[in-house]
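The structure under discussion appears below in the form of structure tokens.
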Amino acid sequence: MNIGITCYPVAGGSGIVATELGQQLATRGHQVHFISYALPFRLDRFQQNLYFHGVETTAYPLFKHPPYTLSLAAKMAEVVCQYNLEILHVHYAVPHATSAFLAKQLITCKIPKIITTLHGTDITLVGADPSYYDITRFSINASDGITAVSAYLAEETKREFKINKEIAVIPNFFDNSRFNPDAQSCKRRSFAEDREPIIAHISNFRPVKRITDVIDIFDRINREMPAKLLLIGEGPDAILARRQANKRNLNDRIVFLGNQDRVEAILPVADLFLLPSEEESFGLAALEALACGVPVIGTLGNGMVEVIEDGINGFLLPVGDTVAMARAGIDLLKDETRLGQFKQKARELAYARFDSARIVAQYENYYTKILNG
Ligand code: GMT
């Protein structure tokens, strides 16, 4: 198939999923065309069957913000006709589903099917904002196919946006050729003494991630058993993390690693992963940790329940209950046998349910179903 993919190119779950999907589809022989304002994060190497088309926006004194949605729509229409795209698969509804709708009106060749994949905050935060609500609802409804990364998100979308169309649930996945237990990873010694547990967190440091809870949980664990915390990612709340680390005298216990594109080389040295988010449609970072054999502490009442098995490969606890999260972490880290079992289950369940071969095939089948009307 000839497939166009639009996503945010910056570090973040939706961009990672879109990029890895494109890479896998290209490996399977499809022609894949990325259309975005920059080369997506993790699309870092040449690959056969994979192309990138940059979207330029033009500044003008009248514009407070250059209208990216329009430039993207025009580029989509151009690439569709030039490369006979049959499918335009947009990731993150705002504004990509709207640009795809506009592109469809512009196209003078065969009209492709538009598939929108909902990722999370496009529904729960941004799309639900009154200024975007109506246009987001319209654009989702105008798509030929809609997928969501969890059953939780599909339900939230139907409830919040009163969508009556079918929303197919296709979960996120990890690339098993990269997240490979034998892959070369960094050394534990680079971060911690032999007996110190290593705890990790990856996010885009937005308020929804509750980064101060990460520090609080770690502080409580570290007081009972000296440990190290690896923080991966960047974002507006990184400053809060640094301030709190200072205030609690944890500077020599926390390593700020910034954005990293090869998390699979770092995660295997960790013993525990923290994702105490307010909300997560899925929690791709949690899945990547599990795939590296790292148990996860996450929160209840969101899509993480579809990824983490409470008491088997991690724990799901109420949002904000840092005392219970720290307790669960300490008890697990102190019990070597149980920790070993959790680590093994983490990897086993990730491979059994979310490995790329299984999930990418679901996308292929979905494309075929939509193409066949
Ligand atoms: O909001 C974010 O953290 C970024 C966002 C994105 O689109 O990059 O992440 C969302 O999509 C990921 C990929 O599908 C999911 O794994 C995340 O759970 C989801 N984030 C939230 O729902 C908060």
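Note that ligands are numbered from 1 as they come in the structure, with each ligand's atoms numbered from 1 the same way. FYI, side chains are in, hydrogens and waters are out, and symmetry mates aren't considered; it's all heavy atoms of this structure.
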Can we say [X] and [Y] salt-bridge, meaning some charged N sits less than 4.0 Å from an Asp/Glu carboxylate O?
{"X": "D213", "Y": "R210", "result": "yes"}
{"X": "E160", "Y": "R137", "result": "no"}
{"X": "R188", "Y": "D271", "result": "yes"}
{"X": "E309", "Y": "K345", "result": "no"}
{"X": "E364", "Y": "K369", "result": "no"}
{"X": "K209", "Y": "E280", "result": "yes"}

Problem set entry | Sub-4.0 Å atoms of ligand 1 with respect to non-hydrogen atoms of G120 |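 Counting atoms of ligand 1 from 1, those under 4.0 Å from G120 are 22 (O).
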Exercise. Going by the order shown, which atoms of ligand 1 are within less than 4.0 Å of some heavy atom of E279?
Worked result: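 Ligand 1 atoms under the 4.0 Å threshold to E279: 23 (C).
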Exercise. Can you tell me how far OG of S277 sits from CG of L275, rounded to the nearest 0.5 angstrom?
Worked result: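 L275 CG to S277 OG: 3.5 Å, rounded to 0.5 Å.
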For this session: Closest by any non-hydrogen atom to atom 3 (O) of ligand 1: pick that one out of E280, R206, K209, M304.
Result: K209
Which heavy atom of the protein is the closest neighbour of [atom], given with residue, atom name and distance?
{"atom": "atom 12 (C) of ligand 1", "answer": "G13 CA, 3.8 Å"}
{"atom": "atom 11 (O) of ligand 1", "answer": "H119 O, 3.2 Å"}
{"atom": "atom 15 (C) of ligand 1", "answer": "S281 OG, 3.6 Å"}
{"atom": "atom 4 (C) of ligand 1", "answer": "N204 ND2, 3.4 Å"}
{"atom": "atom 16 (O) of ligand 1", "answer": "L284 N, 2.9 Å"}
{"atom": "atom 7 (O) of ligand 1", "answer": "S14 OG, 2.8 Å"}

Exercise. Out of curiosity, is E278 lining ligand 1, as in a heavy atom under 4.0 Å away?
Worked result: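 Under 4.0 Å: no for E278.
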